[in-house]
K.L.:
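Dropping the structure in here first, questions after.
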Amino acid sequence: MLDIKFVRENPDVIDAACASRQNAHWDREKFFELDAERRSVIAEVESLQAERNAISKQIGLFMREGKKDEAEAAKQQVSANKERIAELDQRRGSVEEKLTALVAAIPNIPDESVPYGVDDSDNPEVRRWGAPTEFDFEPKAHWDLGVDLGIIDFDRGVKLAGTRFYLLGGLGARMERALINFMIDQHNKAGFKEFWPPVITNHDSLFGTGQLPKFEDDLYHVQPDLYLIPTAEVQLTNIHRGEILDVDQLPLLYTAFTPCFREEAGSAGRDTRGIIRVHEFDKVEMVKFSKPEDSMNQLESMVAEAEKILQLLKLPYHVVTLCTGDLGFSAAKCYDIEVWLPSYNNYKEISSCSNCKDFQARRAGIRFKDPAVKGTQLVHTLNGSGLAVGRTMAAILENYQNADGSVTVPEALVPYMGGVEVIRPED
RNA sequence: GGAGGGGUGGCAGAGUGGUCGAAUGCGGCGGUCUCGAAAACCGUUUACCCCUUUUUGGGGUACGAGGGUUCGAAUCCCUCCUCCUCCGCCA
């Protein structure tokens with residue numbers, strides 16, 4: 001059950017949050033109606049249960065003392081309660097179901113520091129690293145470079161799986177593998193524990209991180225309760241679903257490489273060329289579990305960690321803060337890192353780092369215990385790409401291309417490429 | 001896939017219809033003792049929900065999950081999940 005109490009106590013905050021986001025609504029009237037009904041049903045059913053329990057205890061005593069008549073009389077008394085309890089239980093179930101559905105559809109509340117805005121054109125730039133690459137020749141797009149170099153095969157990708165799939169070969173395949181290892185190694189050095197999770201997940205996990213119930217259409221649904229993960233965030237975050245962590249464990253820093261699967265329903269016509277928007281892509285993900293008071297600092301250091309990869313690869317990028325209208329469902333605050341892509345003559349998202357604060361923790365039941373504080377508290381969860389591997393490869397191909405159609409391998413990646421320094425067209 | 005056996009509190013492990021949120025041991029926390037520590041001894045030790053409330057307090061639920069039988073379920077029945085052992089199959 002979601003935190004109904006939170007909604008009950010903060011309706012104005014939720015109103016404001018929904019108003020500042022795009023396409024976010026909640027039925028405040030309905031909520032309070034259901035909430036009141038739920039509580040009155042609970043009050044009644046619990047007093048009946050208390051009564052029943054007391055009489056049952058009495059019956060037990062009668063039985064032991066051999067007072068059969070008294071016991072029988074008492075049984076009659078409880079039987080009357082029974083039907084009423086069953087009826088109320090059922091009503092409670094259906095009210096809570098409606099209430100949960102209503103609450104589950106409410107997006108996270110943007111942090112106070114998030115700027116108001118309608119769409120991505122309102123996202124303020126936070127900082128810029130490097131300068132857009134300049135060429136003294138006509139640069140090619142990665143979809144041409146990849147094909148000319150013989151390392152990306154779009155036609156055969158489509159033959160194997162369909163549109164928006166592609167096949168890497170030779171040094172293209174090797175670069176994918178090199179990038180994954182390079183990124184994970186960097187995160188390991190920064191204290192992230194490495195995981196290798198299943199790429200199939202279930203409803204409860206997807207609900208916990210906020211993909212379900214709202215975004216079912218974006219997911220590959222392969223079995224009644226099995227889905228392909230759209231991001232490793234789902235698995236890394238749900239590792240601790242339903243657990244109570246110890247305050248001393250925090251913060252927990254996790255990382256994993258996984259393929260990510262997205263239906264991309266509704267994005268027809270966008271990014272149709274190249275490897276920017278595809279149904280299956282590789283990504284190295286970072287997830288953190290943090291104490292509430294520490295989570296905003298953890299967000300900053302997570303962005304820095306993602307930026308470090310781009311800096312080591314010497315790829316120009318900038319960082320933007322997502323405005324309220326562009327913020328994802330589960331995020332309270334989010335930075336996008338966008339890499340310079342010559343073919344777009346623009347920056348393109350390559351990492352998204354979010355602080356979900358207690359939003360996912362509430363849905364997934366991830367708490368921590370501080371012996372100094374009474375009860376349990378919700379952890380804050382954060383996630384960020386570190387980085388999207390396919391888009392990193394596209395950025396490398398385009399930014400590192402030479403006049404003769406070859407591509408120089410970024411210095412930091414050469415050891416991971418088995419010493420290959422330049423990728424040239426195959427003969 | 002077939003056969004069999006399990007899932008109880010932080011851990012180990014009792015309990016097979018009532019006084020059991022649950023013996024006992026270990027661990028944890030507090031205390032006595034000590035210069036300090038160990039040992040010993042004493043006490044304490046879950047989560048969620050509802051009502052009331054300043055704190056306090058009262059009540060409900062939970063023994064893998066859900067449903068059923070019963071006045072009453074950790075205990076009986078059904079379904080599912082999951083773990084273990086053996087057989088088969090397989091990267």
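Chain letters run A, B, ... following the sequence lines, proteins first and then strands; every chain starts at 1.
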K.L.:
Work out how far the P atom of B/A39 is from that of B/C26, and round it to whole angstrom.
P.N.:
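Straight-line distance between the two P atoms is 11 Å.
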
K.L.:
Mind checking if A/Ile59 touches a base, just sugar-phosphate, or nothing, with heavy atoms under 4.0 Å?
P.N.:
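Since a base atom lies under 4.0 Å of A/Ile59, the category is base.
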
K.L.:
How does RNA chain B look in dot-bracket notation if pairs are Watson-Crick or G-U with both distances under 3.5 Å, crossing ones as [ ], other-strand ones as |?
P.N.:
((((((((.[[[..)..(.....]]]((((((.......))))))((((((.....)))))).[[[[[..)....]]]]])))))))....

K.L.:
Between A/Tyr116 and A/Asp122, do the side chains contain a donor N or O and an acceptor N or O under 3.5 Å apart?
P.N.:
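On atom types as modelled, these side chains do not qualify, holding no pair under 3.5 Å.
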
K.L.:
Nearest heavy atom decides the nucleotide; on that basis, is A/Ala54 or A/Val78 closer to the 5' end of RNA chain B?
P.N.:
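The residue mapped nearer the 5' terminus is A/Ala54.
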
K.L.:
For residues 380-387 of chain A, tabulate all N or O donor-acceptor pairs below 3.5 Å that involve a side-chain atom, not counting sequence neighbours.
P.N.:
residue  : atom : partner  : partner atom : Å
A/His380 : ND1  : A/Ser295 : OG           : 2.8
A/Thr381 : OG1  : A/Gln360 : OE1          : 2.7
A/Asn383 : ND2  : A/Glu233 : OE2          : 3.3
A/Ser385 : OG   : A/Ser352 : N            : 3.0

K.L.:
Residues in side-chain contact (heavy atoms from CB on, under 4.5 Å) with A/Lys57, at least two apart?
P.N.:
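Partners of A/Lys57 by the side-chain contact (heavy atoms from CB on, under 4.5 Å) criterion come out as none, since no residue qualifies.
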
K.L.:
Would you measure the distance from the C1' atom in B/G66 across to the matching atom in B/C81 and give it in whole Å?
P.N.:
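B/G66 and B/C81 have their C1' atoms separated by 10 Å.
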
K.L.:
Assuming nearest nucleotide by heavy-atom distance, tell me which of A/Gly60 and A/Asn53 is located more 5' along RNA chain B.
P.N.:
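The residue closer to the strand's 5' end, by nearest nucleotide, is A/Gly60.
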
K.L.:
Write down the distance separating the P atoms in B/G27 and B/G36, rounded off to the nearest Å.
P.N.:
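Nearest-Å result for B/G27 against B/G36 at atom P: 23 Å.
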
K.L.:
Suppose you measure atom C1' in B/U46 against the same atom in B/A40; what distance do you get, rounded to whole Å?
P.N.:
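About 29 Å, rounded to a whole number of Å.
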
K.L.:
Considering only the C1' atoms, how many Å lie between B/U56 and B/U75, rounded to the nearest integer?
P.N.:
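Taking atom C1' in both B/U56 and B/U75, they lie 37 Å apart.
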
K.L.:
List for me each residue that meets side-chain contact (heavy atoms from CB on, under 4.5 Å) alongside A/Val41, sequence neighbours excluded, and say none if there are none.
P.N.:
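Testing A/Val41 for side-chain contact (heavy atoms from CB on, under 4.5 Å), a comparison that skips the adjacent residues, returns A/Glu37, A/Leu88, A/Arg91, A/Arg92.
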
K.L.:
Please test A/Glu264 against A/Arg164 for salt bridge (Lys or Arg N to Asp or Glu O under 4.0 Å), starting from the C-alpha separation and ending with a verdict.
P.N.:
CA-CA 9 Å; A/Glu264 292 296 349; A/Arg164 287 199 194 274; over 6 Å; no

K.L.:
Is it true that the side chains of A/Asn202 and A/Asp225 contain a donor and an acceptor less than 3.5 Å apart?
P.N.:
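A/Asp225 and A/Asn202 do not have a side-chain donor-acceptor pair below 3.5 Å.
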
K.L.:
Between B/U79 and B/G10, how far is it from one P atom to the other, in whole Å?
P.N.:
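Rounded to whole Å, the distance is 30 Å.
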
K.L.:
Do any side-chain atoms of residues 299-309 of chain A form donor-acceptor pairs under 3.5 angstrom with protein atoms, and if so which ones, sequence neighbours left out?
P.N.:
residue  : atom : partner  : partner atom : Å
A/Glu300 : OE2  : A/Tyr335 : OH           : 2.6
A/Ser301 : OG   : A/Lys288 : NZ           : 2.7
A/Ser301 : OG   : A/Asn297 : O            : 3.4
A/Ser301 : OG   : A/Gln298 : O            : 3.1
A/Glu305 : OE1  : A/Lys308 : NZ           : 3.2
A/Glu305 : OE2  : A/His187 : ND1          : 2.7
A/Glu305 : OE2  : A/Lys308 : NZ           : 3.4
A/Glu307 : OE1  : A/Arg127 : NE           : 3.2
A/Glu307 : OE1  : A/Tyr317 : OH           : 2.6
A/Glu307 : OE2  : A/Arg127 : NE           : 3.2
A/Glu307 : OE2  : A/Arg127 : NH2          : 2.7

K.L.:
With a non-hydrogen cut-off below 4.0 angstrom, is A/Ala74 in contact with a base, only sugar-phosphate, or nothing?
P.N.:
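No contact at all - A/Ala74 keeps every heavy atom at 4.0 Å or more from the nucleic acid.
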
K.L.:
Between A/Lys283 and A/Thr258, does any side-chain donor sit less than 3.5 Å from a side-chain acceptor?
P.N.:
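A/Thr258 and A/Lys283 do not have a side-chain donor-acceptor pair below 3.5 Å.
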
K.L.:
Taking 4.0 angstrom as the limit, do A/Arg39 and A/Asp35 come out as a salt bridge?
P.N.:
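So A/Arg39 pairs with A/Asp35 through a salt bridge.
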
K.L.:
Considering only the C1' atoms, how many Å lie between B/U85 and B/G30, rounded to the nearest integer?
P.N.:
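After rounding to an integer number of Å, I get 45 Å for this pair.
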
K.L.:
Under 4.0 Å between any heavy atoms, over every strand shown, what does A/Ser47 touch: base, sugar-phosphate, or nothing? Just pick one.
P.N.:
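It contacts nothing in the nucleic acid.
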
K.L.:
What range of RNA chain B does chain A touch, first nucleotide to last, counting atoms under 4.0 Å from its heavy atoms?
P.N.:
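Result: B/G18 to B/G72.
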
K.L.:
Given the P atoms of B/A37 and B/G28, what is the spacing between them in whole Å?
P.N.:
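Comparing P positions in B/A37 and B/G28 gives a spacing of 15 Å.
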
